[in-house]
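One-based numbering along the sequence shown.
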Amino acid sequence: MDHIRRSLLGQLARLSAGAALIPLSSVASAGINSQPPRREGDPTKRYGMLIDLRQCIGCQACTVSCHIENDAPLGKFRTTVSQYEVEHQETGELATFMLPRLCNHCENPPCVPVCPVEATFQRQDGIVVVDSDRCVGCAYCVNACPYDARFINDKTQTADKCTFCAHRLEAGLLPACVESCVGGARIIGDMRDPESQISRMIAEHRDALMVLQPEKNTLPQVFYLGMDERFTTRPLAEPVALEVLDPQGKEMGYEFHGH
């Protein structure tokens with residue numbers, strides 16, 4: 001894992017450079033790795049999220065608030081919190097480990113170049129979004145995502161995923177999952193602003209931060225603090241929320257369980 005760790009530290013070093021970073025606008029017209037040009041969003045910003053697993057209690061408030069905010073279909077989720085039972089390597093004691101999952105808004109997103117109609121694209125502020133007016137529901141991007149963060153929306157028949165609640169960010173609000181997190185585990189912000197909370201936390205905890213599947217070289221922009229290294233390469237993310245229906249098939253609520 002040493003080469004992976006060096007790669008992540010190098011990525012964080014580039015982020016901490018702030019104004020020294022190459023503006024995304026300078027490469028927007030050329031595209032990245034044969035990807036469509038970036039468009040929309042503020043080119044002076046680069047949004048990212050840091051999830052402090054030490055504060056996550058697995059309450060699933062983020063899952064539910066995101067589901068309501070974005071009107072996701074039943075059984076489909078833009079973000080989930082997977083729960084695991086882990087065994088202490090020395091004592092053998094069992095503990096519950098919470099792992100929030102969502103789109104990683106990668107700097108090198110593999111979902112973008114596979115889209116045949118360029119419906120999936122990366123904004124100039126780094127947020128990866130889907131143009132539902134162009135999407136044909138082919139699911140190429142769903143299969144290309146190594147983080148199981150995409151799905152085909154049963155209502156729209158188009159690709160769907162976390163957008164960092166870009167519509168809320170543009171209105172000066174926090175994403176639904178961040179606002180509803182009772183433990184304050186989710187921190188989002190502009191990583192190009194050295195005074196933002198996420199920039200300060202990246203600087204403070206640089207050596208302890210991890211990302212999921214770093215060997216994929218997607219350069220995820222969702223960072224985890226307090227992560228057990230054994231979970232960085234977990235390939236699948238299964239939802240932990242099941243819809244509870246009444247005898248007539250009407251939704252009554254959600255039931256949560258661990259894996």
Side-chain angles (χ1 to χ4, degrees), residues 11 14-15 21-49 66 69-73 76-79 101-178 188-193 198 211-214 216-223 237:
Q11 179 183 347
R14 289 192 296 273
L15 286 172
L21 286 170
I22 299 174
L24 293 181
S25 58
S26 67
V27 294
S29 60
I32 298 176
N33 297 333
S34 300
Q35 298 172 16
R38 302 186 189 203
R39 53 191 187 271
E40 301 179 10
D42 186 343
T44 67
K45 299 181 183 295
R46 205 322 172 184
Y47 285 106
M49 182 177 289
C66 172
E69 173 71 25
N70 296 291
D71 192 28
K76 301 292 179 64
F77 304 93
R78 290 187 172 194
T79 187
R101 303 294 298 267
L102 68 159
C103 172
N104 282 251
H105 297 279
C106 308
E107 187 61 23
N108 184 28
C111 56
V112 172
V114 300
C115 180
V117 294
E118 297 187 5
T120 287
F121 65 94
Q122 189 169 35
R123 299 180 2 152
Q124 295 182 91
D125 54 14
I127 299 176
V128 179
V129 295
V130 179
D131 183 345
S132 58
D133 291 332
R134 300 188 65 161
C135 179
V136 296
C138 66
Y140 287 178
C141 62
V142 175
N143 293 322
C145 175
Y147 305 105
D148 305 292
R150 287 172 168 259
F151 59 90
I152 297 299
N153 189 309
D154 298 332
K155 299 177 182 179
T156 63
Q157 292 300 305
T158 59
D160 203 336
K161 59 177 283 297
C162 160
T163 62
F164 276 167
C165 280
H167 61 290
R168 292 177 62 90
L169 289 174
E170 291 169 351
L173 302 172
L174 292 172
C177 66
V178 176
I188 194 169
D190 177 12
M191 296 184 294
R192 293 190 167 185
D193 177 4
I198 189 171
V211 296
L212 296 177
Q213 300 194 61
K216 300 291 187 181
N217 198 35
T218 63
L219 303 180
Q221 301 301 295
V222 173
F223 306 95

Could you report the tightest heavy-atom contact between [X] and [Y], atom names first, then the distance?
X	Y	result
Pro43	Arg192	O-NH1, 3.3 Å
Pro110	Thr218	CD-CG2, 3.8 Å
Thr79	Leu102	OG1-CB, 3.8 Å
Glu107	Gln122	O-OE1, 3.8 Å
Arg150	Cys141	NH1-SG, 2.9 Å
Asn104	Pro220	OD1-CB, 3.4 Å

All side-chain contact (heavy atoms from CB on, under 4.5 Å) counterparts of [X], not counting sequence neighbours:
X	result
Asp154	Pro73, Lys76
Glu170	Arg123
Cys165	Glu69, Asn70, His167, Arg168, Pro175, Ala176

Measure the [atom1]-[atom2] distance between [X] and [Y] for me, rounded to the nearest 0.5 Å.
X	Y	atom1	atom2	answer
Cys66	Asp71	SG	CG	11.0 Å
Glu40	Gln124	CD	CD	9.0 Å
Cys162	Arg101	SG	CZ	12.5 Å

Below 3.5 Å, can you tabulate the donor-acceptor pairs from side chains in residues 126-140 to any protein atom, sequence neighbours excluded?
from: Asp131; atom 1: OD1; to: Asp133; atom 2: N; distance (Å): 3.0
from: Arg134; atom 1: NE; to: Val117; atom 2: O; distance (Å): 3.3
from: Arg134; atom 1: NH2; to: Val117; atom 2: O; distance (Å): 3.1

List in chain and number order the residues that pass side-chain hydrogen bond (donor to acceptor under 3.5 Å, both in side chains) with [X], two or more places apart in sequence or in another chain; answer none if no residue qualifies.
X	value
Lys216	none
Asp42	Thr44
Thr163	none

Next item on the list: Not counting sequence neighbours, which residues clear ring pair (Phe, Tyr, Trp, His ring centres under 6.0 Å) with Phe164? List them please.
Entry: His105
Note to self: Filter on salt bridge (Lys or Arg N to Asp or Glu O under 4.0 Å), then keep only pairs touching residues 156-167, sequence neighbours left out; what's left?
What the structure shows: Arg78-Asp160
Margin query: When you measure from the side chain of Asp190 to the backbone of Arg46, do you find a donor-acceptor pair of N or O atoms at a distance under 3.5 Å?
Written below: yes
Note to self: Give me each pair satisfying ring-ring contact (aromatic ring centres under 6.0 Å, His included) with a member in residues 115-138, each pair once, sequence neighbours excluded.
What the structure shows: none
